Amino acid sequence: MKEIAKAYNSKETEDQIYQKWEQSGFFNPDNLEKASDRFWNAESFSMVMPPPNATGQLHVGHAMMLAIEDLIVRHARMTGKKTLWLPGTDHAAIATQNVVERRILETEKKTRQQLGRAELLRRIDEFVSQTRGQIQTQIRKMGSSADWSREKFTLSPELSLAVRTVFKKLFDAGLIYRGQRMVNWCPRCSTTLADDEVDYKMTKGQMYYIRYPIKDSDEYVVVATARPETMLGDTGVAVHPKDPRYKKMVGKIVMLPLLNREIPIVADEHIDLEFGTGAMKVTPGHDHNDFEIAQRNGLDMIHLYSADGKIDPLEAADHGFDDYAGLTKEEALKRVTQELADKEFIEKTEAIEHRVGYCYRCSTIVEPIVSKQWFVNVNKPFTISKDSFRKLLGLAQKEITLKDMMTAAVESGAIQIVPKRFEKIYFEWMKNLRDWNISRQIWYGHRIPVWYCQDCGEMIVATAAPTACPKCQNGRIVQDEDTLDTWFSSGLWTFSTLGWPSSAAASEGAPNDLATYHPTTIMETGYDILFFWVARMVLMTGFALEDIPFRAVYLHGLVRDTEGKKMSKSKGNVINPLEMIEKYGTDALRLSLVIGITPGNDLKISEEKIKAHRNFVNKLWNVSRFILQQAEAEEIPAESPTLADQWIRERLATVTANVNKKIIGFDYGSAGEELLKFTWGDVADWYLEIAKIEKGKQQFLQDLLRQLLKLWHPFAPFVTEQIWSEFNDSILMVQDYPLAEKPPSKKLSQTAEQFKIIQELITGLRNVRGEYRLNPIPVYASYLQIPEDMAWIANYAELIEKLTRTKLNFEPMDEDKKMPYFLWKGQKVFLIIPNFDAQKEIALTQKQLKDTEAFVKRISAQIKKPGFLKKAPADIVEKMKLDLADAETKAKNLKTKIKQLR
RNA sequence: GGACGGUUAGCUCAGCUGGUUAGAGCGCCUCGUUUACACCGAGGAGGUCACUGGUUCAAAUCCAGUAUCGUCCACCA
C-alpha cells in the first residue's frame, strides 16, 4: 500500500476528484444504471439549481446554496434514486445590462443610446459568454454534482421559445393585458420595476407646508408634501368629506402657486384627517394614491418626465410649466422650493423621516409614473382543464384566478414549505398581490412577443415573428420595444429546462425528461426570493402545465458576517468562498455552511469556523489513515466482539438511522452535527484508542471506515472520495448510502451498557489524575473493591490501565486511610498519589456534595408534590425515584468521605 | 400600522412535539509530544436559558404580556 500523507491536502486532490466524477458520467442520471443495478427502474429525484446571475462572481450565499443542494442530491443518489440536479444561469436582465452599461460608460464614455440596441446586445452577449463560464467553473469548485450535459441558460433559444409560448397562452386566456397604470420607474435604469423590485427605506427628508390660494378670495389652504417639485403636476387638492375645517371649501377652485393653474378642491375618503394639514395636493401622474383619487374624482393627469428622467418639454408646453422643461428631478426640486420661498408660499418646513422607494438594482430613488405597460392579471379566472390538478389543489370549481390557484397550491398541502412559518408569509403576500407588471424598458432580455402592423394597427401575439399581418396581409410589422421581466422566464425554470414545450408536444407517453423529472422533488432556495421566484414558479407552472413545480420548498437563511450584517463589498466584510477554498479546502467550507444551520434562519460565518471544520476534515483523514495502516498489520482476527465493539456497532446503527431521518426531514445541520460528534468523539477518541490495545479488529475497522465515508460523503465529498480511492477502485459517489436495518432502540444492549460503565471508570480515574496533576508520572495504583455482579470488570483491567495509565489493584483497601478516591457505581476507587492534599480534596468533595444535595432537594420536592404520582407517566416516576436514590446514596458517601478525610 | 424571527457559556450557535444536575465548536485555564492526527490528546472553569405573569405534578421548551435587536409586508401626502 502506498504511503498516505500525514495531513489531507485539499489543493492537490479536489480538482482531480471532480474530474473523475465528471468523467464517470454519473452526474447524469441516464448513466447511473451503469454504476449499479439498483438504479434500474429506480424512483427519480430531481432538483433544479436556482440559476446564479450569469455575470456574477460566486459569493458565499451561492456557496451555501450549493453545499446544501449537493448534500441533498448526493444523499438521494446514494440511496438509489435516479437523481437529476439541473444547473444553469440566469441572464438577469436589469442587473446584467447595468453592469455592461456601466463598463462601457467608464471605458468608452458612451451611453447605451449612443451605442444602439444591436451593438449593446452584442456587447452583453460577449460579456456573458465569458462570465457564464466563470460561474460554471466556480460551481464545479464547490463540488456540485450537477448534470452539466443538461445545463441551461434563461436566454437560450429553447428557453426563449418556452417564454413566448407561455406569453401567448396567457394572452389567449385573457390573462395578459396592456394598460395605463401607475408603475415604479427607475430614472437611472430608465425602466419600470415590479412592485417587489422596489426597496423601501426610511430616509431623512423635508416636509414642506405650502399655501395654495383659493381663487377670488384671501384665503388659502395649506398642503403638506415631501416632494414639492411634483406640484408642477398637481391637478387638484383633496380633503376628507367629513373634515369640518374644509367642508365648505369643497368644490372651490385653488390657484396653483407659480403656475396659476386652476385646480379644484375635491372630497375623498382616502384622506387622513390626522396627517399634515388634512389637505392633500393631488399629483395623479406620480403617486399611487393620487392616481386613484384622480380616477374617483375625474381629475386630469399630467406626466412630468420624459424617458430620460427630465421634465418633459411637450407636457411642459401643454400645461404651462415650460420654464422647467429639461430639468432633472433634483434641479426641479431646487428651483421650485426656491421660487416658492421667494414668493412666500411656504408656511413652514420640518425635518421628517419617510419611506422612500429605491431601485433594488441600482439604489436610485424610484419615481412612480403612469405608463403603458404589460400586465399579468392575477384576479381574472381561467379554466383548469386537468382534473388531476384540480384534485391536487382540492378545488371543486374549474375556474380559478391565478392568485387563488397560487394560494391553493400551498394551502392544500400539494406544496410543502419548510420551515412552515413561511407559509403564513406566503399567504399574506398572496392576499396583497396586485397585477404583475411584466414589461421592462431595457434591451437585454426576452423581447415581448407582440407585433404591431404599421398599416392597419393590428396587434399580433405569436411565438415566432410573423412575416405579414394576418389581417391586412401587409409586411410592415414592428415588434414591441419592451422586454420581459427576468422573473417571467425564471418562473418557467422547473419545466422550460426539462424540454417544455417541445417534449410535451412529443409523442404521447414517450419517455422524456419532463415526464420523468417533473414536478421536481425539492426546490431549495433562499427565503429572500420566496416572492420573486418561488411564487412565480407556482404561478407559471400552474397555468402552463396545470401542475405544481415542486413538492417541497426548502428555504435557507441568508449568510451574514459575524456582526449579523449582510455581506457587501462596500462594507469590506465579504467572505470570498474561493479564497476560503484555496486556504482550507472545499469540504471545510461546505461543512461550515451546513453544520449548525436550521431552515430559514440566517447564518453568521467567520473564517474561524471554516478553520475548525478544516481541522475536522483532517481528523477524518487521519482516522482513515490509522485504520488503513492497521489493515496492514499481521494480526489474528479476534474471535468474538468485545464490549467496545458491541458499543460502537450500536452507536453506528443509531447514528445511521438518525442521519437518514434528519436528511429526509430537511434537518441537514443537525444530521452533520450528530455525525461529527460520533466520528470525533466516539470513533476517534474512544474506539480507535481501544483498538490500539484490543487487537484483531482490522476487518471491523475497515467496515466501519467504509460506513463512515459513505455517511460523510454528501457533506464532505472530496476528502471521502479521496480516501475511498486509497483502498477501492469504485467511485464512492454512487455507492449505497448506509440505512438502518431496523429502527434503533433507545436503550443500549446490556453489553454496550457495560462498556459505558468502563467509560465512566476511565473518565473518573483521569479526572483524579487531572486534579492532582499526576500526568508526568506514568503509573499509579488504584484499588477497586467490586461487587460480584461487576466481576467482569477484571477482564478489562488491561484496557483500563492503559487508557488511564494506572495500575489496578483489586485487593481491599483500608478505608480509613486518607487518600483520594472517587465514587463509581457506588464503589470507592482509590488512587495512591504522592502529593495528596487532603484539604483540597475536602473542598472538591464539598462542592460535589452541595450540587448533589441541591439535586436531591429539588427531586424529592417534586416527588412529594400531590399530583405527581398520580399524573406523571410511570416510567418517569420510576426514573426519578431511581435518580433520587442514586443521588441520596451519593450524598451519603460524599459525607462519609469528607469525614474520613478530616 | 401589521406580521414574522432572534434574545441560552466570553464569541458563534444547537436544544423548544414539556420530564427535571442545559449541549457543541471557538476562546480560556491545567497537564501531556503514548509511532493516525499539535489541523492532536486528557482534564477543567464558565450559563438564575432577556424580563414579568400564567397553565402544569413538572417549563429553556406551552400561553399572555413587556423590553430589545433584526427582517418582511402595507397607498399616510
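Every chain is numbered from 1, with letters handed out A, B, ... down the list of sequences. Quantities reported herein were computed from a predicted structural model and do not represent experimental measurements. For the numbers below, each heavy atom of this structure counts, side chains included, while hydrogens, waters and symmetry mates do not.
Taking only side-chain atoms of A/A612, from C-beta outward, the nucleotide of B/G25, B/A74, B/C39 with the closest atom is B/G25. When distances are taken from the side chain of A/N615 to each of B/A42, B/C39, B/A36, the shortest belongs to B/C39. In this structure, of B/C76, B/A36, B/U34, it is B/C76 that holds the atom nearest to the side chain of A/D272. Closest to the side chain of A/E689, from the set B/U21, B/A36, B/C26, is B/A36. Among B/A77, B/G41, B/A36, the nucleotide with an atom closest to any side-chain atom of A/D287 is B/A77. Distance from the side chain of A/T763 is smallest to B/G43 among B/G43, B/C39, B/C76. Of all nucleotides listed (B/A36, B/C37, B/A77), B/C37 comes nearest to the side chain of A/N618.
The aromatic rings of A/F531 and A/W429 lie parallel to each other, with less than 30° between the two planes, well short of the 60° mark.
Note on A/R858: every side-chain N or O is 4.0 Å or more away from OP1 and OP2 of B/U20. Neither OP1 nor OP2 of B/C26 sits under 4.0 Å from any side-chain N or O of A/S606. Under 4.0 angstrom from either OP1 or OP2 of B/G44 there lies at least one side-chain N or O belonging to A/N767. Contact check, A/K619 against B/G41: a side-chain N or O comes under 4.0 Å of OP1 or OP2. Taking side-chain N and O atoms only, A/W680 has a distance below 4.0 Å to OP1 or OP2 of B/G41. For the OP1/OP2 pair of B/A36 and a distance below 4.0 Å, the side-chain nitrogens and oxygens of A/K692 include at least one atom meeting the criterion. Residue A/K879 places at least one side-chain N or O closer than 4.0 Å to OP1 or OP2 of B/U20.
Using a 4.0 Å heavy-atom criterion, one finds that A/I271 contacts the bases of the nucleic acid, with or without backbone contacts as well. In this structure, A/K677 reaches the sugar-phosphate backbone alone: every heavy-atom distance under 4.0 Å involves primed, P, OP1 or OP2 atoms, never a base. A/H270 comes within 4.0 angstrom of a base, heavy atoms only. If you check every strand for non-hydrogen atoms under 4.0 Å, A/G585 touches nothing. Among the atoms of the strands shown, base atoms are found under 4.0 Å from some heavy atom of A/Q862. Contact annotation for A/T283: no contact, since no heavy-atom pair falls under 4.0 Å across all strands. Nucleic acid contact for A/D883: none, since no nucleic acid atom lies under 4.0 Å from a heavy atom of the residue. Across all strands, A/A224 comes closer than 4.0 Å to base atoms (heavy-atom distances). Nucleic acid contact for A/T598: sugar-phosphate only, since backbone atoms but no base atoms lie under 4.0 Å from a heavy atom of the residue. If you check every strand for non-hydrogen atoms under 4.0 Å, A/A854 touches nothing. Residue-level contact check: A/K865 touches the backbone only, with heavy atoms under 4.0 Å from sugar-phosphate atoms and none from bases.
Partner of A/Y8 under the ring pair (Phe, Tyr, Trp, His ring centres under 6.0 Å) criterion, chosen from A/F718, A/Y584, A/W621: A/W621.
Taking atom C1' in both B/U30 and B/C72, the straight-line distance is 50 Å, to the nearest Å. For the C1' atoms, the distance linking B/C28 with B/A9 amounts to 12 Å, nearest Å. Taking atom P in both B/U7 and B/U61, the straight-line distance is 12 Å, to the nearest Å.
Between A/E674 atom CD and B/G15 atom P there is a gap of 13 Å when expressed in whole angstrom units.
Stacking of A/K692 on the aromatic ring of A/F626 is recorded, both the 6.0 Å distance cut-off and the 45° axial limit being met.
A donor-acceptor contact under 3.5 angstrom links the side-chain atoms of A/R614 to the base of B/C39.
A donor-acceptor pair under 3.5 Å is absent between the side-chain atoms of A/D667 and the main chain of A/K662, judged by distance alone.
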Which atoms of nucleotides 4-10 of chain B (N or O only) lie under 3.5 Å from a protein N or O atom, and what are those distances?
{"from": "B/C4", "atom 1": "OP1", "to": "A/K424", "atom 2": "NZ", "distance (Å)": "2.8"}

